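Order of listing sets the numbers, starting from 1, for every ligand and every atom in it. In what follows, residues are counted from 1 in the order of the sequence shown. Note that the coordinates shown come from a computational prediction; the quantities given were computed from them, not determined experimentally.
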Amino acid sequence: MSKIKDFTTRFGFHGVPFTCEIRNEDRYVNDIYQTPIDHLYRTVDKRMCGALIAPAGTGKTSVLRALIDRLPEARYHVHYVKVTSLSKRDMCREIATVIGMESAGTYPALVKRLQEHLAASLDMDGIRPVLILDEAHDIRPDVLAMMRILTNFDMDNRLVVSIVLTGQPPLAKLLKHPGLEAVTHRLALCATLRTLSRPETTQYVEHRCRVAGAASCPFDTGAMQALYEIGRGNLRATDQLSLKSLETAHDRDCDTVDSNHVAEARRLLWPV
Ligand SMILES: Nc1ncnc2c1ncn2[C@@H]1O[C@H](COP(=O)(O)OP(=O)(O)O)[C@@H](O)[C@H]1O
Ligand SMILES: [Mg+2]
């Protein structure tokens, strides 16, 4: 029999599995993610600010996507900015662009226009602006301090925009920076995420195979153990290792992925 050409066909997937873009409805549901989603939702609903701090690859961006999905468009204008180490002016320009505002002008002029724009959206139609800053561990302290001006400038001291900051653990240190007390005091929540346990890793891999169309999970018990031993329940590492293991098994013309395929995948991905 001739070898099956495409690994997706061999395992019955309708597309490439374990990719980073996953539809909200295809997410693996677990309290690890549902609890921070609920808490962030309530924080935004109370017009407060929140943070989500966890290591790379643990599911932060996916939690943000689920949060955005949960905020009804009729009540919230959600603006998502992936932070790179921008200056105050560039950050204002970036925010201006995502909220559909003219981004030219000096820094003071931009801040003023941003304030007016955000307040107007609240006054005119009762729609609350929400600013989501992903990868916020890269944010500069002076830029973070500027967020204070954006969140609260109204006469009656109400929060005009809710900010959700998400980033890797250095963000916690950044929030303790002297001079940032005004920002940290506005944080009503600091949520975190943990890595998956061994049984959760198995559930996760089975789930991702199922949503990619496989009728049965191609990883055997040994492969599942190896995925956990190597990936340690980190979602991104587990995704990369699972995908490479499937390709490796396919290259060996095998219909089941075993621990040798996972070990080979590790060598290919992360040579020591
Ligand atoms: N609940 C989930 N269900 C399925 N896949 C997920 C889930 N959360 C994250 N992932 C996957 O795990 C990988 C890492 O998630 P991501 O949100 O990008 O992590 P982080 O932002 O913390 O680096 C992504 O490829 C994403 O598709
Ligand atoms: Mg991310």
| query | With a cut-off of 2.8 Å, does any N, O or S atom of Thr61 fall short of it relative to the Mg ion (ligand 2)? | reply |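 It does; at least one qualifying atom falls short of 2.8 Å.
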[Y] versus [X], side-chain donor and acceptor atoms under 3.5 Å:
| X | Y | result |
| --- | --- | --- |
| Asp45 | Tyr76 | yes |
| Ser197 | Glu200 | yes |
| Tyr28 | Asn30 | yes |
| Asp138 | Ser85 | no |

Check this for me: does any side-chain nitrogen of one of [X] and [Y] sit under 4.0 Å from a carboxylate oxygen of the other?
| X | Y | answer |
| --- | --- | --- |
| Glu264 | Arg267 | yes |
| Glu206 | Arg210 | no |
| Arg70 | Asp38 | yes |

Donor-acceptor contact below 3.5 Å, side chain [X] vs main chain [Y]:
| X | Y | answer |
| --- | --- | --- |
| His177 | Pro141 | no |
| Arg113 | Ser103 | no |
| Lys60 | Ala54 | yes |

[atom]: the protein heavy-atom neighbour that sits closest, reported with distance to 0.1 Å:
| atom | answer |
| --- | --- |
| atom 3 (N) of ligand 1 | Tyr28 N, 2.7 Å |
| atom 15 (O) of ligand 1 | Gly59 CA, 3.7 Å |
| atom 6 (C) of ligand 1 | Tyr204 OH, 3.8 Å |
| atom 8 (N) of ligand 1 | Ser62 OG, 3.1 Å |
| atom 26 (C) of ligand 1 | Cys20 O, 3.8 Å |
| atom 18 (O) of ligand 1 | Arg236 NH2, 2.8 Å |
| atom 9 (C) of ligand 1 | Leu235 CD1, 3.3 Å |

Run the contact test for [X] against ligand 1 with a 4.0 Å cut-off on heavy atoms, strictly below, and give the result.
| X | answer |
| --- | --- |
| Gly57 | yes |
| Asp134 | no |
| Arg208 | yes |
| Phe18 | no |

| task | For the pair Arg65 and Glu21, evaluate salt bridge (charged side-chain N to carboxylate O under 4.0 Å, His left out) and give the outcome as yes or no after the intermediate values. | result | CA-CA 11 Å; Arg65 285 212 206 98; Glu21 287 301 321; 3.5 Å; yes
Ligand 1 and [X], any nitrogen or oxygen pair closer than 3.5 angstrom?
| X | answer |
| --- | --- |
| Ile22 | no |
| Tyr33 | no |
| Glu21 | no |
| Ala56 | no |

Any idea which atoms of ligand 1 are less than 4.0 Å away from a heavy-atom of [X]?
| X | result |
| --- | --- |
| Thr58 | 19 (O), 22 (O) |
| Arg27 | 1 (N), 3 (N) |
| Asp239 | 11 (C), 12 (O), 13 (C), 24 (C), 25 (O) |

| said: For Phe7 and His250, take the angle between the two ring planes, folded into 0 to 90°, and tell me which bin it lands in: parallel under 30, tilted 30 to 60, perpendicular over 60. | reply: tilted
